[in-house]
Amino acid sequence: MKTDWDDLIQGYQAGILDEKETKFLQERLKTDSQIRMLFLDYANLDAAMEVEACTREATRTLLLAPSEFNPPARTRWYNWGPAIAAAIGVTAGLLGASVAWASALPWLAEARGSITTVFTENFESKREQTSPGLPTETTRWYGDEASTVSEHDGLKPRSGSRMLQFLSATYSGEQAQRSQWGDVYRIVDLRGLVGPKRTSARISASFAQSPVPDNTRFSGSVEGFALDVDIEALPTHPSLNWVRQHNSASGSRMMPLIANRSWQDLGVEIPVTPKTQFLVLHLAITQREPNLETGTATFSHQFMDDVSVDLLTPR
């Protein structure tokens, strides 16, 4: 039985756990307070993301076209499941709603603030491939093997005519003994772009997956790191551990992928300051099941498109 609690809870949220996994989660929620708190964190985040989407659109309409404003109706609430709700022993709806609104309220200022797009990538270059390893400059994608493709396996790009297809959880010459992560990286230059006001960098990407065998599961993830160092200060061959140890701020999110050729949007925000020189984007696919004891995973059904970085600054 898996014990990656982040994956297990996100799988429950996505409705992809089987009966055995759900029962296992229920039993641990009854006895482990740390897992209960983690479960609540994910539940509150899920609710906040939905409130945020409704709130942001409604606020823009209210501010820009008051006569057209209609209060949005919540189309979905978190599907707790009676056994899960009983196991954690809280009034989930009330607690989730209060924390969700507290998390979402900062978005009310966005329509009155500034959104500056500083990076976009739609992968429209013909047959572009990743360079191996982590990036040392800002003009190319680096990482494990991946390349741009047009419509593939019945899946169309989210926009334009091309998208990025993940191919391998390693790259030529790495000699990885075991890897289930297909990682791609990009450095975005923020020098001179961040003002003195409180600012966040929002990293967004869209993932899609065509049908996969029933015994396999995959997730997509978005991670970002703010670097306050000059690019010349990067090691000749930087590693992900080095970036994680030398960043001034970071954030990440992961979600299970649904194998129905539909695009799923994922994003994360991290604080940046005038000292921030660069943003390192780490976007990935991971094979969650089956678990590999040795060797590296290969990918043929996982894709990414429409990567962007926006700077969010309230007025």
Side-chain angles (χ1 to χ4, degrees), residues 6 9-10 13 38 40-60 78 96 98-122 135 138 158 183-207 219-229 240 243-244 246-256 263-284 304-315:
D6 293 278
I9 292 170
Q10 290 182 57
Q13 287 180 309
L38 181 63
L40 280 174
D41 286 343
Y42 273 107
N44 290 329
L45 177 61
D46 179 79
M49 291 295 289
E50 186 177 347
V51 173
E52 169 198 321
C54 295
T55 301
R56 192 186 318 178
E57 183 59 33
T59 302
R60 286 188 178 129
Y78 185 67
S98 62
V99 179
W101 276 108
S103 301
L105 281 175
W107 287 103
L108 289 170
E110 183 179 314
R112 298 182 183 272
S114 168
I115 306 175
T116 304
T117 300
V118 296
F119 175 79
T120 59
E121 176 63 90
N122 304 108
T138 62
R158 193 180 190 282
D183 308 292
V184 297
Y185 303 90
R186 187 74 179 246
I187 292 182
V188 176
D189 193 342
L190 294 185
R191 289 175 294 184
L193 298 179
V194 183
K197 294 184 178 181
R198 179 176 57 85
T199 302
S200 296
R202 180 169 62 200
I203 305 166
S204 305
S206 297
F207 295 89
S219 291
S221 66
V222 173
E223 187 172 29
F225 305 93
L227 293 182
D228 294 353
V229 300
L240 184 56
V243 174
R244 284 177 170 159
H246 292 82
N247 70 83
S248 58
S250 65
S252 65
R253 286 198 68 198
M254 177 184 288
M255 68 178 176
W263 286 97
Q264 300 171 248
D265 299 332
L266 185 62
V268 67
E269 292 181 22
I270 62 174
V272 291
T273 73
K275 293 182 179 180
T276 304
Q277 303 291 295
F278 300 94
L279 201 62
V280 178
L281 313 187
H282 173 209
L283 310 168
M304 181 174 71
D305 205 355
D306 288 3
V307 179
S308 66
V309 176
D310 299 313
L311 296 182
L312 311 177
T313 306
R315 293 196 189 282

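Residue indices begin at 1 and follow the sequence shown.
Put simply, the side chain of R186 does not reach to within 4.5 Å of the side chain of L283, judged on heavy atoms. Between F119 and V307, the closest side-chain pair of non-hydrogen atoms falls below 4.5 Å. Side-chain contact between M304 and E121: absent, with no pair of heavy atoms (C-beta onward) separated by less than 4.5 Å. Counting heavy atoms from C-beta outward, T116 and L193 have side chains that stay 4.5 Å or more apart. The side-chain heavy atoms of H246 and V229, taken from C-beta on, include no pair separated by under 4.5 Å. Between N122 and D306 there is a side-chain heavy-atom pair separated by less than 4.5 Å. Within the 4.5 Å cutoff, the side chain of Q277 has no heavy atoms near those of the L227 side chain.
Heavy atoms only, all atoms of each residue included: S250 and F225 are closest at CB-CD2, 3.6 Å. Heavy atoms only, all atoms of each residue included: A226 and P271 are closest at CB-O, 4.3 Å. When all heavy atoms are compared, the tightest approach of Y185 to H282 is CE2-CD2, 3.3 Å. G220 and L266 get closest at one heavy-atom pair: O-CD2, 3.6 Å. The two residues A249 and I270 make their nearest non-hydrogen contact at O-CD1, 4.2 Å. Residues G267 and R253 approach most closely at O-CD, 3.2 Å, considering heavy atoms.
The CZ atom of R202 sits 8.5 Å away from atom OG1 of T117, with the distance rounded to the nearest 0.5 Å. The CZ atom of F207 lies 10.0 Å from the OG atom of S219; values are rounded to the nearest 0.5 Å. Distance CG/L312 to CZ/R198: 9.5 Å, rounded to 0.5 Å. Interatomic distance, CG of D310 versus OG1 of T199, reported as 12.5 Å (0.5 Å rounding). Rounding to the nearest 0.5 angstrom, the gap separating the OG1 atom in T276 from the CZ atom in R191 is 12.5 Å. Atom-to-atom distance recorded for L279:CG and T138:OG1 is 12.5 Å, nearest 0.5 angstrom.
Between the side chain of Q264 and the backbone N or O of P256, at least one donor-acceptor pair lies under 3.5 Å.
Side-chain atoms of D228 and S248 include a donor-acceptor pair closer than 3.5 Å.
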**Request:** For the pair F278 and D189, evaluate side chain to side chain contact (heavy atoms under 4.5 Å, CB included) and give the outcome as yes or no after the intermediate values.
**Result:** CA-CA 5 Å; F278 300 94; D189 193 342; 3.7 Å; yes

